[in-house]
Amino acid sequence: MSGPVAARDVLALFSQTRPLFTALGDERRQEIIVFLLESTDPRSVGEIAAHLNLSQPAASHHLKILRDARLVTVRRSGAQRLYALNAADYPQLLTPMRDLVTLIVSCAMASPPR
């Protein structure tokens with residue numbers, strides 16, 4: 001597939017994956033994901049903030065963006081909010097990104113060199 005139809009498909013996939021790119025595009029959010037990957041248990045905002053040397057409001061801001069993109073989950077434990085990776089949804093969440101990369105490569109390979 002190439003041409004205007006494929007380009008519109010790429011644009012549609014960009015639109016679908018924008019929240020994921022926004023969430024993953026920040027170095028602090030990447031660090032939060034790595035910290036949660038290395039953790040065996042869910043972590044509180046305070047633990048995440050302390051580990052990354054962030055204020056709690058800054059950590060909460062980044063966690064909200066990750067939560068809105070469905071990359072992390074949150075549950076209450078008493079007064080704390082505990083965050084963990086939403087790994088169960090990762091295949092569904094990441095499929096459009098994989099499709100986007102595949103389509104871009106396909107379109108680029110089908111385009112004549114300039």
Side-chain angles (χ1 to χ4, degrees):
M1 180 190 290
S2 64
V5 172
R8 283 193 296 271
D9 291 340
V10 168
L11 191 57
L13 282 170
F14 268 130
S15 178
Q16 186 178 355
T17 57
R18 190 169 292 119
L20 192 57
F21 277 115
T22 298
L24 295 174
D26 183 89
E27 184 177 344
R28 289 303 199 169
R29 292 191 283 275
Q30 294 165 8
E31 290 172 351
I32 290 170
I33 289 171
V34 170
F35 178 61
L36 293 174
L37 280 169
E38 294 171 342
S39 301
T40 56
D41 296 315
R43 298 297 184 153
S44 70
V45 175
E47 290 173 311
I48 293 167
H51 181 78
L52 298 176
N53 200 27
L54 291 172
S55 68
Q56 284 196 10
S60 292
H61 167 75
H62 289 300
L63 287 162
K64 180 186 182 323
I65 292 168
L66 291 170
R67 193 176 68 241
D68 289 349
R70 298 179 35 219
L71 292 169
V72 299
T73 59
V74 61
R75 70 175 169 81
R76 285 196 179 271
S77 177
Q80 290 187 324
R81 290 175 169 249
L82 299 176
Y83 291 85
L85 296 177
N86 186 19
D89 285 353
Y90 278 17
Q92 175 191 356
L93 290 172
L94 298 176
T95 295
M97 186 177 279
R98 184 196 66 221
D99 294 346
L100 174 65
V101 170
T102 300
L103 186 56
I104 289 171
V105 169
S106 175
C107 290
M109 299 302 275
S111 296
R114 294 180 186 191

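Being a predicted model, the structure only gives us computed values, none of them experimental.
Qualifying salt bridge (charged side-chain N to carboxylate O under 4.0 Å, His left out) partners for Arg98, counting only residues two or more places apart in sequence or in other chains: none. For Ser55, the side chain to side chain contact (heavy atoms under 4.5 Å, CB included) partners two or more places apart in sequence, or in a different chain, are Pro57, Ala58. With sequence neighbours excluded, no residue forms a salt bridge (charged side-chain N to carboxylate O under 4.0 Å, His left out) with Arg18. With sequence neighbours excluded, the residues that form a side chain to side chain contact (heavy atoms under 4.5 Å, CB included) with Asp99 are Leu13, Thr95. Residues that satisfy the side chain to side chain contact (heavy atoms under 4.5 Å, CB included) test with Ala87, not counting sequence neighbours, are absent from this structure.
Remark: side-chain polar atoms of Ser60 are paired, donor with acceptor, to backbone N or O of Gln56 under 3.5 angstrom.
Between Leu63 and the choices Leu71, Val74, Ile32, the side-chain contact (heavy atoms from CB on, under 4.5 Å) rule is met once, by Ile32.
The aromatic rings of Phe14 and Phe21 sit tilted relative to each other, their planes meeting at an angle between 30° and 60°.
Minimum interatomic distance between Ser77 and Leu82 (heavy atoms only, all atoms of both residues): CB-CD1, 3.6 Å. Annotation for Arg29 and Ala23: closest pair NE-O, 3.1 Å, computed over non-hydrogen atoms.
Taking hydrophobic clusters as Ile, Leu, Val, Met, Phe, Trp and Tyr residues chained together by side-chain heavy-atom distances below 4.5 Å, Val34 does not share a cluster with Leu66. One hydrophobic cluster, built from ILVMFWY side chains closer than 4.5 Å, holds both Val45 and Leu36.
Remark: Leu37 CG to Leu85 CG distance equals 5.0 Å, nearest 0.5 Å. Atom CG of Leu52 is separated from atom NE2 of His62 by 8.5 Å, given to the nearest 0.5 angstrom. Between the OG1 atom in Thr17 and the CG atom in Leu94 there is a gap of 10.5 Å [rounded to 0.5 Å]. Distance check, rounded to the nearest 0.5 Å: CG of Leu20 to CG of Leu93 gives 6.5 Å. Atom CD of Glu31 is separated from atom CG of Asn53 by 10.0 Å, given to the nearest 0.5 angstrom. Rounded to the nearest 0.5 Å, atoms CD (Gln30) and CG (Leu24) are 7.0 Å apart.
Sorted by first and then second residue, the salt bridge (charged side-chain N to carboxylate O under 4.0 Å, His left out) pairs with a member in residues 44-70 read Arg43-Glu47, Lys64-Asp68, Arg70-Asp89; sequence neighbours excluded.
Side chains of Pro96 and Leu100 form no contact here, defined as non-hydrogen atoms less than 4.5 Å apart.
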